Amino acid sequence: MKRSLIDILDFSVEEIDELLATAKDMIADPDKYAECCKRKKLATLFFEPSTRTRLSFEAAMLELGGSVIGFSDAANTSSSKGESVSDTAKVISCYADIIAMRHPKEGAPLVAANAASIPVINAGDGGHNHPTQTLADLLTIDREKGRIDNFTIGFCGDLKFGRTVHSLISALSRYENVKVILISPHELKLPSYVKKDILDKNNIEYVETTDLEAVMPELDVLYMTRVQKERFFNEEDYLRLKDSYILTPQKLSNAKSDLCIMHPLPRVNEISVAIDDDPRACYFKQVYNAKIMRKALILKLLKEAGSI
Ligand code: NCD
């Protein structure tokens, strides 16, 4: 049976724990894994722009001894001729052993997974989900804080369209005593379906505010996000909202000394570069952790599919 990762909740907490343990072992002993995906191919199907996600998937597969095929611009593929996502997935199943797909339409990777005969990984679907960024975020929190429970996390910026936020909130809903503070302009609040289906359903304590500085002293983790320009219907709204929050050293003056500052990147203006050298800045560590978690994920899915 092939197993895919479309939503972070597709994996149990125990499975995520196993992935975190594999990732830590990969950090300690990368050579042990250098050939475990030999002769296996990853196909990266990116219908939307990406730097980190696509290249880290590719680097991950290469570090496992496998190889990579794919595209990063759908304009040059048969989808521009009208081919369906299902047909593309069936075709790629004849060429590769595993797919990582990013698509602007919510649900497209699920459609692909239903049609493919190989595992499909959702590498971001519209403003919906981004489960592999969440795996990276969980490893980052675990490595920085030594735990994924009993802490307060502030999500700041575009909580409406920010798919990394939706997936991380889903994942954290299963850990003990995680308090969530949602910091955004009114227009970019967390969608009500996430509040209802995830936060309320799991009795997660949360607060909504527009004021980052007022809640700063409470935070153990601050998750900054970019205002998602590509999801806006008109540029005027984007321009009005894009610089709603800019984290500067001065705004950190009342923050905890062990605050973990995260951002899935790319950054536009949300975090001043003056913060990059602050020991609390963890966003470039997240990039490294993402590659490692993608290695652990590819290995898990190929093993479960019986390909290795
Ligand atoms: C994020 C994404 O694509 O959702 N980027 C990433 O994969 N690290 C965040 C963003 O684009 O703002």
Side-chain angles (χ1 to χ4, degrees), residues 5-8 42 44-61 70 72-74 99-110 120-141 153-171 182-185 187-188 190-191 194 221-232 237-238 241-247 260-271 276 281-295 297-298:
L5 174 62
I6 303 302
D7 186 303
I8 193 67
L42 164 75
T44 51
L45 314 185
F46 277 62
F47 294 84
E48 244 193 4
S50 168
T51 302
R52 266 151 300 273
T53 305
R54 186 173 59 84
L55 295 181
S56 74
F57 264 114
E58 297 190 358
M61 190 52 158
S72 56
D73 182 358
I99 290 172
M101 175 186 275
R102 170 169 287 189
H103 203 287
K105 284 207 180 104
E106 280 100 11
L110 176 61
V120 175
I121 299 168
N122 178 3
D125 63 328
H128 190 213
N129 280 326
H130 195 347
T132 64
Q133 180 64 45
T134 298
L135 294 176
D137 298 341
L138 293 174
L139 181 61
T140 305
I141 295 170
I153 180 166
F155 289 95
C156 179
D158 186 348
L159 311 189
K160 180 178 180 185
F161 297 118
R163 55 193 173 193
T164 64
V165 171
H166 307 157
S167 289
L168 184 53
I169 288 178
S170 294
L182 304 167
I183 309 141
S184 74
E187 293 94 327
L188 299 177
L190 191 72
V194 184
V221 177
L222 171 57
Y223 196 96
M224 296 297 294
T225 61
R226 168 180 74 90
V227 175
Q228 306 278 298
K229 182 180 182 188
E230 63 276 37
R231 315 265 176 243
F232 277 75
D237 286 347
Y238 170 70
L241 293 165
K242 74 180 174 60
D243 290 329
S244 299
Y245 299 97
I246 300 176
L247 191 63
C260 171
I261 304 168
M262 298 174 67
H263 190 308
L265 303 180
R267 145 176 73 182
V268 184
N269 267 334
E270 311 78 51
I271 303 181
D276 294 359
C282 294
Y283 28 96
F284 291 110
K285 293 182 186 172
Q286 262 171 288
V287 176
Y288 172 77
N289 291 334
K291 181 187 71 176
I292 304 295
M293 279 308 259
R294 289 180 177 125
K295 282 174 79 170
L297 174 65
I298 291 169

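Keep in mind it's a predicted model, so treat the numbers as computed, not measured. Counting starts at 1 for both ligands and their atoms, following the listed order.
- Residues Glu58 and Thr44 have side chains in contact (heavy-atom distance under 4.5 Å, counting atoms from C-beta outward).
- In this view, Thr134 and Ile8, Leu138, Ser167, Leu168, Ala171 satisfy the side-chain contact (heavy atoms from CB on, under 4.5 Å) rule, not counting sequence neighbours.
- Qualifying side-chain contact (heavy atoms from CB on, under 4.5 Å) partners for Asp276, counting only residues two or more places apart in sequence or in other chains: Arg267, Val273, Tyr283, Phe284.
- Every residue meeting the side-chain contact (heavy atoms from CB on, under 4.5 Å) condition with Lys105, not counting sequence neighbours, appears here in chain and number order: His103, Ala108.
- Annotation: cation-pi pair Arg294/Phe57 present, NZ/CZ under 6.0 Å from the ring centroid and within 45° of its normal.
- Enumerated by chain and number, the residues approaching ligand 1 to less than 4.0 Å through a heavy atom are Thr53, Arg102, His130, Gln133, Arg163, Thr164, Arg226, Gln228, Pro264, Leu265, Pro266.
- Glu106 has no carboxylate O lying under 4.0 Å from a charged side-chain N of Arg231, or vice versa, which leaves the two without a salt bridge.
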